[in-house]
Amino acid sequence: MAALAVSVFATGCATDGNGGGWGTKQSIGTAIGAVAGVLLGSQIGGGSGRTVAMIAGALAGGALGNWIGSSLDAKDQEALAASTQRALASGQAQTWTSDHSGAKATIRPVSSKTQTHEASLKRSQNVVQVKTLTALNETWQAKSSTNLRAGPGTSNAKIGSLSGGQTFTALGRTADDWIAVGRKGVTVGYVYGPLVKPVAVAKADQAVDLDNITVAQAQSQGFDLDTIEPAKPVVDQVAVQTTCRTVQYDVTTAKGSESKTVDACQQPDGAWQIG
């Protein structure tokens with residue numbers, strides 16, 4: 001995917017200013033050290049194994065210290081990391097039980113807050129500018145055939161359509177529940193939120209269809225690739241709303257039970273920084 005630069009001006013967890021940016025797989029799972037934290041995609045897609053391994057490294061090496069490093073083997077740490085990913089993305093408690101060691105855990109978000117960053121977002125020339133988005137950067141899919149519009153609302157022109165089951169990168173969500181549809185890191189249109197849904201974790205390593213669409217496929221769906229993929233897309237400054245969560249871990253292993261809280265903040269590109 002093409003890189004998209006992100007500039008952060010708001011306070012909050014530190015971010016790696018050289019990250020790949022919105023909609024880029026390069027930004028997913030960028031390690032910045034176990035003590036400082038780890039950046040991981042809010043989507044598990046685009047390399048879930050690598051992402052989960054980095055979460056596990058952050059938890060064992062920094063956020064939860066030697067506690068889980070000495071109490072859980074590598075397989076259990078990876079499973080705990082996957083549950084952490086789901087808890088952060090959903091804001092809902094996750095439970096986990098080892099399939100071999102008897103260890104178990106509850107990962108429960110106990111508080112959340114919203115923060116705002118200013119970030120650069122690319123868009124096609126025929127797509128309207130928006131001023132505010134909530135960060136997603138997740139793999140989504142169309143529930144059925146649906147219109148893609150030049151802006152968030154039915155008053156905006158139809159510029160294409162998504163076929164049922166087609167996957168795409170959801171860059172962000174507007175306040176009135178329209179999803180910014182990305183192609184190679186560029187917003188190419190908006191689709192109404194209830195007509196699309198996040199891709200299940202089990203399917204997340206599949207290709208993002210809209211990034212790989214051919215000229216013929218684009219024409220059949222009403223896309224003009226010259227329009228949605230211009231040589232020089234427009235770059236806007238957008239207020240990006242992200243989430244910080246405090247997560248409580250209650251873990252039981254053969255060595256006993258432990259509880260600890262960890263802080264994690266989402267970045268403008270949809271990634272999370274733990275620690």
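When a residue number appears, it is its place in the shown sequence, counting from 1.
Taking hydrophobic clusters as Ile, Leu, Val, Met, Phe, Trp and Tyr residues chained together by side-chain heavy-atom distances below 4.5 Å, V128 does not share a cluster with V235.
Judged purely by distance below 3.5 Å, without hydrogens or angles, the side chains of S220 and Q217 never pair a donor atom with an acceptor atom. With hydrogens and angles left out, the side-chain atoms of S112 and R245 include a donor and acceptor closer than 3.5 Å. Between the side chains of T132 and Q241, no donor N or O sits under 3.5 Å from an acceptor N or O. A donor-acceptor contact closer than 3.5 angstrom is absent between the side chains of T154 and Y192. Using modelled atom types and a 3.5 Å distance limit, the side chains of D250 and S259 yield a donor-acceptor pair.
For the pair R183 (side chain) and V188 (backbone), a donor-acceptor distance under 3.5 Å is absent. A donor-acceptor pair is defined here as one N or O able to donate and one able to accept, closer than 3.5 Å; no such pair exists between the side chain of T261 and the backbone of Q248. Although no hydrogens or angles enter the test, the distance criterion places a donor-acceptor pair under 3.5 Å between the side chain of Q166 and the main chain of S163.
For K113, the NZ atom sits in a loose shell: 12 or fewer heavy atoms of surrounding residues, nucleotides or ligands are nearer than 6.0 Å.
With values rounded to the nearest 0.5 angstrom, D209 atom CG is found 10.0 Å from T139 atom OG1. For the atom pair CG of L195 and CH2 of W140, the computed distance is 11.0 Å after rounding to the nearest 0.5 Å. To the nearest 0.5 Å, atoms CG (L136) and CG (L171) are separated by 8.5 Å. To the nearest 0.5 angstrom, S144 atom OG is 10.0 Å from L162 atom CG.
Contact detail for L133 and G172: the closest heavy-atom pair is CD2-C, 4.0 Å. Considering every non-hydrogen atom in both L148 and F223, the closest pair reads CD2-CE2, 3.2 Å. Residues G189 and V127 come closest through the heavy atom pair N-CG2, 3.8 Å.
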Under the salt bridge (Lys or Arg N to Asp or Glu O under 4.0 Å) criterion, do D236 and R123 qualify, and how do the steps go? CA-CA 8 Å; D236 300 317; R123 61 179 168 88; 2.3 Å; yes
